[in-house]
Amino acid sequence: MTNNEPDFIVESKRLCEAAGMNPNEIPRPDTILTSSELEAKKEEYDEILSVVSFFSNKLLDSLKGTPILVGVADAEGYLLKVEGDETIRSTIEQFGIFPGSLFRQEDTGTNVISLSLDQKHPISLIGKSHYHTFLHSTACYGTAFRYTDNNNLLGSLSIMMPIEYRNPLFLTMLSQVVDSIERELLLRKQNKKLNIMNQIMLSRTRNGIVVTDENGITTEFNDFAQKISGTDKDDVLGRNIRESPITGSYFEELLEQEKSFSNEILKFTDENGDRVICLFDAQPIYEEEKLAGAFGQFRDITERYNLQEKYNYLAYHDDLTGLPNRRYVNIETKRAIEELQRGESSSLALLFIDLDRFKIINDNFGHTCGDHLLIEVSRHLKKYLGENDILARMGGDEFVLLLQNFQDREYVTRKAEEVLQEFRHPFQVDDEYLYTTASIGVVYYPDEYVSLETFMVYADNAMYQAKLDGKDRYVVYSSYSLENMMEEFRLEADLREALEKKEFVLHYQPQINNTTGEVVGVEALIRWQHPEFGLISPGSFIHLAEKNGLITRIGEWVIEEACLQNKKWQEAGGKPVKVSVNMSTQQFLTKNTITLVQDVLERTGLAPEYLVLEVTEYMAMEYDSSFLVLEKLRDIGVGISIDDFGTGYSSLNYLKQFRIDYIKIDKSFVNEILHDENDAIIVNAIISLAHNLGMQVIAEGVETSEQLDFLIRQNCDVTQGFYFSKPLTAVDIEKSYIRPQAPQEGKQ
């Protein structure tokens, strides 16, 4: 046992020892269901299992390529379903871990199923946290799921993988999957209640009866008819039914044409002003084959009708924002596609809107605040609805604008620009002003037929491309997207060999001290010297490196190359400057980050004070391990800079806790400081905040002397941008900015 293990794991191991379990022997479950018993239990658990399987399969799809096993157990601990990596599955089956096995601590020792069912929070069992040694090479994550309305335990979802793939992000992903499962189960449960209520209301319905003679004079009007219509019997009897504002027209057709009516819906207002909904039946009365009068009956379905309306509303609307939901917009989009194919509609387009970094708001301000923000966003988006447009919430922080029958495509892109502009203003939530941006995928329905699913995929791909391009923008899906994807595939294949072939180079952009005008640092920026496509900027390949896992190796090369080059400049007599290197999220989260930096500094001989590592505020705030990593880096002596500050949801708390040397103001603020008063105020506030906390401020993206003058007036410490220089090769930087210093007088 280790001292830093959670109490529940320590207690579990103690129980294993007290029970005399041998950690080197493989325990097998004492209870295993027969095939028929397992099928019976799965049938009993069918609806819940189908929901869990749907979302767990989505988890497996998102982690395709990672050896991972997903297990579903019921509330007692019976393993019902196992999906995922076949190698892991066959291995654990040898140990008695297969569907039908009952997992209890007293039988199987410390295991992820029993512990996740016992705990009220997600758990991790990694390596030696397991009691039995045969599991020391695995990492397991698990969490229970419940009916959230009554906290009724339903079962657990767990994942298992080789220990080398462990990552705290898996616990976050698992929690998100379980949250989706619980939401869907609660919705289904509520829908069942609505159906039961419908049946109860229907069984209480009473019929009102009205009878007339052959001339239409009312001869019978019972108490229920009186109650339903709110009309006094004495006011009806003896009068011609044709005069009734509610049923007169029906009875007139009946008496004149001997026509019958069945299940006609009547809507009227009673004497109290309340809406009444009735099903109305009417038929002729014959005596010796001659019309003798008319019979009609009312069935009050007001409660049932209102309940059905509410049910339909809940089924097709989002309960948080009141907007149409995914189910509704899918139906409407499919209908619109069919109308377009039949020539009944002229045009169709879709805007897929996703909020940028919404998770940070939830984590820093709470989910209630996040929900209120979504309500505000939906209210603001409604302003841009045209006559034929539909706004829907797809779930989470995703919205859709369905546009139909517009005259030209400019209408669609104008809508996208209007939405982006709306997001450039803060949203007021309670007493907070929250900033967020949006990434929008725009897709026009093509000339050839594509299915609803394909159309939605086009929109999602375009939105994802907007994210990759830097967020806060829209991207229009085009027919060339497939070609672009193929080109991207080629680049990804070439990228795997680029390091070995030494095709990467670093360019450097100078950073200028605003007081002295001297260069005090350079930012290292990677470029790819592709043998066929020439010099490629990082925006075209970094996301590929992140996707295929190469980003960590590339990041290690950048740190070493930048340190090596800086040391060369110093040894050549150049003015000592700091070199800044951006760290990717994946690289920042690796276990050997601290060791890597120490080794690079030792190999290159560069003093740590001449290296600055840049991380985004998202990376600093998002992960529990960030504080420890940043503290250890500062202990080494390297500088820490927060990049793109102000574009996320900055937490003053983390600025206060972390030892940070520099804050970099994002160029999106610098671009607008002379034209947007809000941006100018924000820049001034960032500079004041940083100085009060003992940090320096670097403004990036400076392109004009007016911008520089403004920043100098606000006491910004350092600037960089095209006004001074574009990123240059190491040779050009040395010639222009880091020339060897002249010997001091009296020295040789």
Side-chain angles (χ1 to χ4, degrees), residues 356-357 360 364 426 433-435 437 470-472 509-516 519-525 577-585 588 608-623 626-627 629-631 633-634 637-673 676 678-703 707-708 710-721 723-724:
D356 296 327
R357 297 178 177 175
I360 299 179
N364 286 275
Y433 284 89
L434 302 179
Y435 285 86
T437 55
K471 306 182 178 68
D472 188 22
Q509 189 170 40
Q511 298 172 328
I512 309 299
N513 183 293
N514 289 334
T515 301
T516 64
V519 62
V520 291
V522 292
E523 180 178 1
L525 301 165
V577 296
K578 298 178 185 292
V579 62
S580 299
V581 177
N582 290 280
M583 295 194 77
S584 70
T585 303
F588 185 64
E609 61 264 28
Y610 293 113
L611 173 63
V612 177
L613 297 176
E614 295 189 5
V615 299
T616 65
E617 54 182 321
Y618 174 80
M619 290 158 59
M621 293 165 60
E622 186 72 3
Y623 304 102
S626 299
F627 178 81
V629 173
L630 291 175
E631 284 295 292
L633 288 172
R634 288 290 284 110
V638 303
I640 300 297
S641 176
I642 300 296
D643 197 15
D644 300 335
F645 188 82
T647 56
Y649 297 92
S650 308
S651 169
L652 299 183
N653 187 48
Y654 87 81
L655 284 180
K656 181 177 67 175
Q657 290 180 343
F658 296 157
R659 290 188 293 163
I660 297 168
D661 299 283
Y662 306 97
I663 286 179
K664 292 190 76 173
I665 300 175
D666 186 69
K667 63 182 178 181
S668 62
F669 292 109
V670 175
N671 288 343
E672 299 298 326
I673 53 176
D676 190 314
N678 288 334
D679 282 346
I681 292 172
I682 291 171
V683 168
N684 187 24
I686 292 173
I687 294 172
S688 299
L689 171 67
H691 286 169
N692 287 334
L693 293 174
M695 307 169 189
Q696 292 193 51
V697 179
I698 302 173
E700 58 182 350
V702 177
E703 297 183 355
Q707 291 172 345
L708 177 61
F710 175 89
L711 292 165
I712 292 174
R713 289 196 302 272
Q714 303 304 319
N715 296 318
C716 178
D717 302 290
V718 178
T719 50
Q720 71 180 86
Y723 177 72
F724 300 103

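Since the model is a prediction, treat every value here as computed from it, not as a measurement.
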- prompt: Roughly how far apart are T515 OG1 and N715 CG, rounded to 0.5 Å?
  reply: 8.0 Å

Where P510 and V522 come nearest, the two heavy atoms and their spacing: CA-CG1, 4.0 Å

message: Let me confirm one number: the CD1-CD distance from I673 to Q707, rounded to the nearest 0.5 Å.
response: 5.5 Å

- request: Check whether more than 12 heavy atoms from other residues, nucleotides or ligands sit under 6.0 Å from atom NZ of K471, and answer yes or no.
  value: yes

message: If I compare all heavy atoms of A524 with all of V579, which pair ends up nearest, and what's the gap?
response: CB-CG2, 4.2 Å

task: Identify the heavy atoms of S668 and D666 that sit nearest to each other, and give their distance.
output: OG-OD2, 2.5 Å

message: Quick one, N514 and L708 - any side-chain contact, counting heavy atoms below 4.5 Å?
response: yes

query: Between CG of L611 and CD1 of I640, what distance do you get to the nearest 0.5 Å?
result: 8.5 Å

- line: Interatomic distance, CG@D661 vs CD1@I642, rounded to 0.5 Å, equals 10.0 Å

statement: In terms of heavy-atom contacts, V670 and G701 come closest through CG1-O, 3.8 Å

message: Please give me the minimum heavy-atom distance between V697 and A690, naming the atom from each residue.
response: CG2-CB, 3.4 Å

message: I need the single residue from D717, I663, I687 that forms a side chain to side chain contact (heavy atoms under 4.5 Å, CB included) with M695. Which is it?
response: I663

Side chains of K578 and Q511, donor plus acceptor under 3.5 Å: no

message: Closer than 3.5 angstrom, by distance alone: can the side chain of D643 be matched with the main-chain N or O of E614 as a donor-acceptor pair?
response: no

task: Verify side-chain contact (heavy atoms from CB on, under 4.5 Å) between K664 and Q720, making sure each step is shown before the conclusion.
output: CA-CA 10 Å; K664 292 190 76 173; Q720 71 180 86; 3.2 Å; yes

task: Would you give the length of the straight line joining atom OG of S580 to atom CD of E700, rounded to the nearest 0.5 angstrom?
output: 10.5 Å

query: Only one of I698, N513, I512 forms a side chain to side chain contact (heavy atoms under 4.5 Å, CB included) with V520, so which one is it?
result: N513

task: Calculate, to the nearest 0.5 Å, the distance between atoms CG and CD belonging to N684 and Q714 respectively.
output: 4.0 Å

query: side-chain contact (heavy atoms from CB on, under 4.5 Å) between L711 and V683: does it pass, once the steps are laid out?
result: CA-CA 9 Å; L711 292 165; V683 168; 4.0 Å; yes

task: Any chance you could lay out the side-chain contact (heavy atoms from CB on, under 4.5 Å) test for Y662 and V718, step after step, and finish with the verdict?
output: CA-CA 10 Å; Y662 306 97; V718 178; 5.7 Å; no

- prompt: Do N582 and E523 meet the criterion of a side-chain donor-acceptor pair at a distance under 3.5 Å?
  reply: yes

